[in-house]
2 protein chains.
Amino acid sequence: MDEPLKVMHVIQSELYAKFFQGLSNPVRYRIVELLLDGEKSVGELVNTLGASQSQISNHLACLKWCGYVSSRQDGKYVYYQITDKRVSQIMELARQVVADNAAHINSCTRM
Amino acid sequence: MDEPLKVMHVIQSELYAKFFQGLSNPVRYRIVELLLDGEKSVGELVNTLGASQSQISNHLACLKWCGYVSSRQDGKYVYYQITDKRVSQIMELARQVVADNAAHINSCTRM
DNA sequence: TCATTATATCATGAAATTATGATATGTTAT
DNA sequence: ATAACATATCATAATTTCATGATATAATGA
């Protein structure tokens, strides 16, 4: 047991799972959604989402690490944007699948 | 505050976040990956993944609720499969994005 | 320089997710 | 009918994620 191949698969799947974890939080999902409309500063996101500044900053850091967003600084403002077109493709596919399964998803109390 | 529009956005994003939560666990991700190769019984997944039977069954229930997989029963066996082509498209896009960001993702200790 | 504003970081408690072990359900074969 | 096997369900404990509040860093303007 514990063959090298299996170990590799475990590590790989942890990587991908972590990637999807980026969109598995409502606030982070909403941030990505807003950024698809164009870059926004941290403050703008805080205002729009009505969440605390530290919360937004933390989530942005997470999204940046996962490769969903990038950022640029302009004076004391930091603007976040989505540069990878594949991110919006993933979101759109999810939208379609969810549309066909909305009724089920909300009832998932298992985990 | 608490305008109807914002409430709707919150509910929507919770739905989508829950959907992505399906792939945000290494075991569930691995299950989907294996099923992309063709349908498998619960027992086969248990053997291949080396996880407990209850764990696999629970994860499968979760994936089913999210619309990632469907199942058919044949005698005492239950076979799970991926019917929605968009699931594999999402996986492939993720694979590409992760490939460009692998170094960063693993260092995401924030959350 | 000092005050103000914008953003980032971090410790901690609260809440949610997950694995485990036990048990239940259902099917097949004897 | 009952034993054996496959799968599902569920309570609970362990782990992880998350929000909060406090503090730090950094840029701008007075």
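Please read these numbers as outputs of a predicted model, since none were measured by experiment. Here is how names work: the chains are called A, B, and so on, in the same order as the sequence lines, proteins then strands, and each is numbered from 1. Atoms considered below: every heavy atom in the structure, side chains included; atoms not considered: hydrogens, waters and symmetry mates.
To the nearest angstrom, P of dA19(C) lies 11 Å from CG of Leu49(B). Atoms CD (Glu39(B)) and P (dT7(D)) sit 12 Å apart, rounded to a whole Å. Between the C1' atom of dC18(D) and the CG atom of Leu60(A) lies a distance of 15 Å, rounded to the nearest Å. Protein atom CD of Glu14(B) is 14 Å distant from nucleotide atom C1' of dA15(C), rounded to whole Å. One interatomic measurement links the two molecules: NZ of Lys18(B) to C1' of dA15(C), which rounds to 13 Å at whole-angstrom precision. We find that CD1 of Ile56(A) is positioned 15 Å from P of dT9(C), with the value rounded to whole Å. Atom CG in Asp74(B) sits about 14 Å away from atom C1' in dT7(D), given to the nearest Å. Protein atom CD of Gln21(B) is 16 Å distant from nucleotide atom P of dT16(D), rounded to whole Å.
Relative to the side chain of Asn58(A), the nucleotides dC18(D), dC10(C), dT9(D) differ in distance, and dC10(C) lies closest. Checking dT9(D), dA19(C), dA19(D) against the side-chain heavy atoms of Val27(A) singles out dA19(D) as nearest. Set against dT20(C), dA19(D), dG21(D), the side chain of Gln55(A) has dA19(D) as its closest nucleotide.
With sequence neighbours left out, Tyr80(B) forms a ring pair (Phe, Tyr, Trp, His ring centres under 6.0 Å) with no residue at all. Taking Asp74(A) as the reference, Arg72(A), Tyr79(A) meet the side chain to side chain contact (heavy atoms under 4.5 Å, CB included) condition, with sequence neighbours excluded. Evaluation of the side chain to side chain contact (heavy atoms under 4.5 Å, CB included) rule for Ser54(B) yields Ser52(B) as partners, not counting sequence neighbours. When the side chain to side chain contact (heavy atoms under 4.5 Å, CB included) test is applied to Arg86(B), the partners found at least two apart in sequence or on another chain are Leu93(A), Gln96(A), Val97(A), Asp100(A), Asp84(B), Gln89(B).
OP1 or OP2 of dC18(D) sits under 4.0 Å from a side-chain N or O of Arg28(A). For His59(A) and dA19(D), the shortest distance from a side-chain N or O to OP1 or OP2 is below 4.0 Å.
Using modelled atom types and a 3.5 Å distance limit, the side chains of Glu44(A) and Thr48(A) yield no donor-acceptor pair.
Each of Gln73(A) and Ser71(B) was matched to the nucleotide of DNA chain D holding its nearest heavy atom; the match closer to the 5' end belongs to Ser71(B). Of the two residues contacting DNA chain D, namely Gly75(A) and Asn25(A), the nearest-nucleotide position lying further toward the 5' end is that of Asn25(A).
Alongside Val10(A), the hydrophobic cluster contains no other residue (criterion: ILVMFWY side chains under 4.5 Å).
Phe20(B) and Phe20(A) have parallel rings, their planes meeting at less than 30° on a 0 to 90° scale where 60° marks the start of perpendicular.
The base of dG21(C) is paired with the side chain of Ser54(B) by a donor and an acceptor separated by under 3.5 Å.
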Find every protein N or O atom lying less than 3.5 Å from an N or O atom of nucleotides 3-7 of chain C, and list the pairs.
unit_1 : atom_1 : unit_2   : atom_2 : d
dA6(C) : O3'    : Lys76(A) : O      : 3.3
dT7(C) : OP1    : Val42(A) : N      : 3.4
dT7(C) : OP1    : Val78(A) : N      : 3.3
dT7(C) : OP2    : Gly43(A) : N      : 2.8

